[in-house]
Number of protein chains: 2
Amino acid sequence: MPVTLVEVAARAGVSPATVSRVLNGNYPVAESTRQRVEKAVRELDYVVNAHARALLHATSGIVGVVLNDASDPFFAGIARGIQGAAAETSRLSVICNSEGDAEQEFAFLDLLRGHRADAVILVGAAPEDEEYRAAATTRAKGMLTTGTRMVLCGRPSPGEDAPGHVVEIDNEGGSAAITRHLVELGHRRIAYVTGPDGRTTTTARLAGFRRALADFGVEADENLVVHGDFSRQAGREAVERLLAAGRDFTAVLAANDLVAAGAVSALRAAGRSVPDDVSVAGYDNLPTAVDVWPNLTTVHVPLEEIGRKAIELAFGPADPQTVVTIPTAVVVRDSTAAPAAG
Amino acid sequence: MPVTLVEVAARAGVSPATVSRVLNGNYPVAESTRQRVEKAVRELDYVVNAHARALLHATSGIVGVVLNDASDPFFAGIARGIQGAAAETSRLSVICNSEGDAEQEFAFLDLLRGHRADAVILVGAAPEDEEYRAAATTRAKGMLTTGTRMVLCGRPSPGEDAPGHVVEIDNEGGSAAITRHLVELGHRRIAYVTGPDGRTTTTARLAGFRRALADFGVEADENLVVHGDFSRQAGREAVERLLAAGRDFTAVLAANDLVAAGAVSALRAAGRSVPDDVSVAGYDNLPTAVDVWPNLTTVHVPLEEIGRKAIELAFGPADPQTVVTIPTAVVVRDSTAAPAAG
DNA sequence: CGCGTGATAGAAAAGCCTTTCTACGGGCTC
DNA sequence: GAGCCCGTAGAAAGGCTTTTCTATCACGCG
């Protein structure tokens with residue numbers, strides 16, 4: 001049913017080869033012939049079959065982006081950067097939601113490999129267990145044999161032997177910096193609401209928090225570390241639990257801005273004023289950070305830039321195994337202040 | 001370089017046909033043969049070439065989603081629904097950001113057609129000019145000849161003659177309902193901050209606003225209608241302009257929740273309390289609506305459900321031209337109240 | 001004992017485009 | 001006027017998998 005190149009050729013009264021050459025413009029074709037062919041293409045509303053083309057070229061013009069959840073603004077920001085940069089190399093980006101499930105992630109990886117994706121970009125924190133590491137390394141090697149470039153974005157390389165470039169976010173540094181900000185304001189009892197357990201990002205951010213406290217000689221109270229995930233809901237519940245347990249704290253540091261937003265609403269519901277009674281700080285500087293009142297002090301992460309960088313690494317000169325670390329910066333807004341006296 | 005089916009066949013000591021049959025499981029193969037083949041597949045880490053397969057089937061297992069901006073929570077929500085539902089039919093969703101540019105949108109459409117996408121889902125408001133309508137109709141017809149199903153989501157059909165299903169959002173009804181809510185609270189001077197000009201969604205929501213006012217016999221003051229786009233920035237600036245011009249209003253109705261969030265922050269910056277001095281209402285019930293303080297009164301739009309519905313229409317029994325209208329519902333929260341006396 | 005039958009496997013064609021190789025005219029040079 | 005080269009176009013192969021059609025083998029039955 002779909003129109004083929006052969007039909008176009010017949011209509012234009014030329015050979016298939018000529019039509020192909022007009023379409024690709026990589027071979028001289030007489031002006032009059034060209035026009036006849038172009039007319040036939042228009043009249044039949046013909047588009048080349050990308051599969052037949054890819055079959056010859058072993059390339060598809062597709063960039064796969066595998067992430068946890070495209071509706072999460074963190075991923076959305078990075079994906080946006082990737083799409084923009086990929087489009088500039090006239091490639092089509094495919095976004096795949098793995099829902100944080102390793103099984104699904106691998107399924108997508110195989111699917112993309114089957115489609116001979118030019119590159120696959122894995123975005124976001126990875127599970128930390130050994131089994132996942134091994135499986136990921138195998139997959140990464142497989143990608144190479146299909147000529148698919150791999151870039152890891154916001155997660156460390158699964159291992160020395162795994163091929164692929166890496167765009168890392170300075171999570172530990174940023175987390176340490178914002179902790180420092182709180183300590184310098186005078187906070188000593190700081191609650192920390194983590195991201196999901198066993199994820200690289202969670203671990204790094206928590207480590208930065210602990211390191212900064214240690215640097216100042218502040219003792220970390222493990223009762224003030226509450227585990228959650230990267231959602232508003234988690235932020236709300238974590239703070240509710242802290243309050244219910246009667247914990248004493250003057251600041252809450254959240255795994256990201258969504259969690260911070262949840263924390264703010266829980267504090268408000270409990271009649272605590274932010275930042276007068278309790279300071280709250282987030283991470284990522286998501287658009288939401290300025291919707292929350294008071295506007296969130298947070299750590300800026302240049303999401304789109306990270307995405308662009310990933311594409312740059314994927315299609316740039318192929319030095320094997322480049323690792324780029326994206327710096328972060330504390331953004332002070334209205335949700336943090338010196339603790340109330342006493 | 002990539003492993004082919006023929007190589008797998010050679011290694012397993014069988015014919016290519018047999019390998020294909022093991023892989024697809026659609027033809028009896030002796031158990032011992034199957035095992036040999038599976039071993040070879042594992043050892044060579046083989047994945048079928050999706051292009052060669054698609055070349056035969058004239059189908060690709062891909063669903064194209066074309067939208068303005070995947071990082072906008074409105075689109076993200078719908079895309080999420082689409083992805084989930086598409087995955088259940090084991091199809092891969094491709095998200096394409098058109099950035100609201102018709103040129104790019106058409107480029108993606110052609111690209112997807114070239115890839116023999118099983119379906120293409122166009123999400124979000126469309127330009128209202130005749131030229132666009134005509135071009136869109138042509139494209140839609142072309143899709144049919146390639147066997148690609150078309151679904152329009154959150155936009156009306158470009159015309160009677162254009163094929164494809166439609167999932168419409170009851171924008172006018174929702175807008176009228178929330179306007180009614182404000183009028184019933186006692187508001188008479190209501191400012192309206194629109195979405196981008198010349199877009200179907202903008203027009204419909206504005207029409208609902210006007211209709212509801214007319215129903216109550218409230219005269220609409222055109223000075224209170226300010227044009228913007230669907231961003232926080234637009235909401236902020238619109239309200240700043242209204243205030244600077246010394247306009248008198250007791251409520252602001254925004255084209256969506258992001259705009260409403262911007263409006264709230266502009267009002268707060270100007271020392272007006274929400275909802276005591278001015279009520280604010282949004283649209284879409286985005287996650288952000290409950291981050292804003294006070295939590296936004298808004299119109300709930302079931303985004304994921306819309307996405308799922310789109311897939312259902314695309315791959316369900318192919319009645320031509322189904323139109324489904326998704327109802328909306330007012331959600332009253334804390335950003336609206338009766339106007340101050342006097 | 002020959003042949004039909006069922007189970008399994010192979011051969012070959014098809015699907016659509018690109019690209020190399022070949023062919024054909026015509027103008028130019030000597 | 002003969003031989004060449006250039007510009008242009010066609011023929012045909014190649015790329016990878018699926019699927020139809022055919023072949024083989026073992027077995028059982030008449």
>> In whole Å, I'd like the distance from the OH atom of A:Tyr27 to the P atom of D:dA9.
In response: 9 Å

> What's the CG-C1' distance between B:Leu23 and D:dT18, to the nearest Å?
Replying inline: 11 Å

>> Under a plain distance cut-off of 3.5 Å, with no hydrogens placed, do A:Arg53 and A:Asn24 share a side-chain donor-acceptor pair?
In response: yes

> Does the B:Arg149 side chain pair with the main chain of B:Ala314, one donor and one acceptor, at a distance under 3.5 Å?
Replying inline: yes

>> At a heavy-atom distance below 4.0 Å, which nucleotide of DNA chain C is the first touched by chain A, and which is the last?
In response: C:dC16 to C:dT20

> In whole angstrom, what separates B:Leu56's CG from D:dG15's P?
Replying inline: 17 Å

> Atom CG of B:Asn49 to atom P of D:dG15: distance rounded to whole Å?
Replying inline: 13 Å

> CG of A:Leu5 versus C1' of D:dA12: gap in Å, rounded?
Replying inline: 15 Å

> Looking across every strand, which nucleic acid part, if any, lies under 4.0 Å from B:His57 by heavy atom: base, sugar-phosphate, or nothing?
Replying inline: sugar-phosphate

> For A:Val6 and B:Ser32, take the nucleotide of DNA chain C holding the closest heavy atom to each; which residue's nucleotide lies nearer the 5' end?
Replying inline: B:Ser32

>> So, OP1 or OP2 of D:dT19: does either fall under 4.0 Å of a side-chain N or O from B:Asn26?
In response: yes

> What class does the angle between the rings of B:His51 and B:His115 fall in, given that below 30° is parallel, 30 to 60° is tilted and above 60° is perpendicular?
Replying inline: tilted

>> Measuring to OP1 and OP2 of D:dT18, would you say a side-chain N or O of B:Arg53 lies under 4.0 angstrom away?
In response: yes

> Can the ring centres of A:Phe230 and A:Phe75 be said to be less than 6.0 Å apart?
Replying inline: no

> About how many Å separate CD1 of A:Ile82 and CD1 of A:Ile306, when rounded to the nearest 0.5 Å?
Replying inline: 9.5 Å

> In residues 14-21 of chain A, which residues come under 4.0 Å of DNA chain D by heavy atom?
Replying inline: A:Val14, A:Ser15, A:Ala17, A:Thr18, A:Arg21

> Taking atom P of D:dT18 as reference, at what distance in whole Å does atom CG of B:Leu55 sit?
Replying inline: 11 Å

>> If I compare all heavy atoms of B:Asn97 with all of B:Gln104, which pair ends up nearest, and what's the gap?
In response: O-OE1, 3.7 Å

> Under 3.5 Å, side chain of B:Thr148 to main-chain N/O of B:Ala117, donor-acceptor pair present?
Replying inline: yes

> Going by atom types alone, do A:Arg155 and A:Thr200 pair a side-chain donor with an acceptor below 3.5 Å?
Replying inline: no

> Will you find, in the side chains of A:Thr89 and A:Arg91, an N or O donor that is under 3.5 Å from an N or O acceptor?
Replying inline: yes

